[in-house]
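Notes for the one structure printed next.
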Amino acid sequence: METATKHLPRKSWLMRVGIGVFALGVLAVLVVFVMFAAGLRDLPVWLSAAAGVATPLGIALGLIALVREHRRS
C-alpha cells in the first residue's frame with residue numbers, strides 16, 4: 001500500500017526559507033506583544049526590527065517561490 005506523501009512534490013528551498021523567516025517574524029511579533037503587555041516599554045530595537053522585517057520578508061520569499069514554481073510547470 002502506497003502512502004500519499006510519495007506523490008506530493010517537495011517544496012523548493014526558497015519556499016522553505018520563506019516559511020522559516022516568516023515563522024521567526026511571527027515569533028518576534030508574539031514576543032514583542034507579550035513584552036509590551038507585561039508593561040515593558042523600552043523594547044530592544046533588534047526585536048522590533050525583526051518583527052517588522054522578517055514577517056513580510058518571509059511572505060515575499062514565499063510568493064517569489066510560488067511564482068517560480070508556477071512558471072516552471
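Just the heavy atoms: all of them, side chains too, but no hydrogens, waters or symmetry mates, feed the values below. Quantities reported herein were computed from a predicted structural model and do not represent experimental measurements.
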Q) Which distance, rounded to the nearest 0.5 Å, do you find between the CZ of Arg72 and the CD of Glu69? A) 6.5 Å
Q.
Return the CG to CG distance between Leu61 and Leu57, rounded to the nearest 0.5 Å.
A. 4.5 Å
Which atom pairs, one a donor and one an acceptor, fall under 3.5 Å between side chains of residues 14-41 and the rest of the protein, sequence neighbours left out?
from	atom 1	to	atom 2	distance (Å)
Arg16	NE	Lys11	O	3.4
Arg16	NH2	Lys11	O	3.1
Arg41	NH1	Phe36	O	3.2

Q: Go through His70 and Leu66 one step at a time and tell me if the side-chain contact (heavy atoms from CB on, under 4.5 Å) criterion holds.
A: CA-CA 6 Å; His70 178 72; Leu66 284 175; over 6 Å; no
Q. Side-chain heavy atoms under 4.5 angstrom apart, residues restricted to Ile, Leu, Val, Met, Phe, Trp, Tyr: same cluster for Val45 and Val53?
A. no
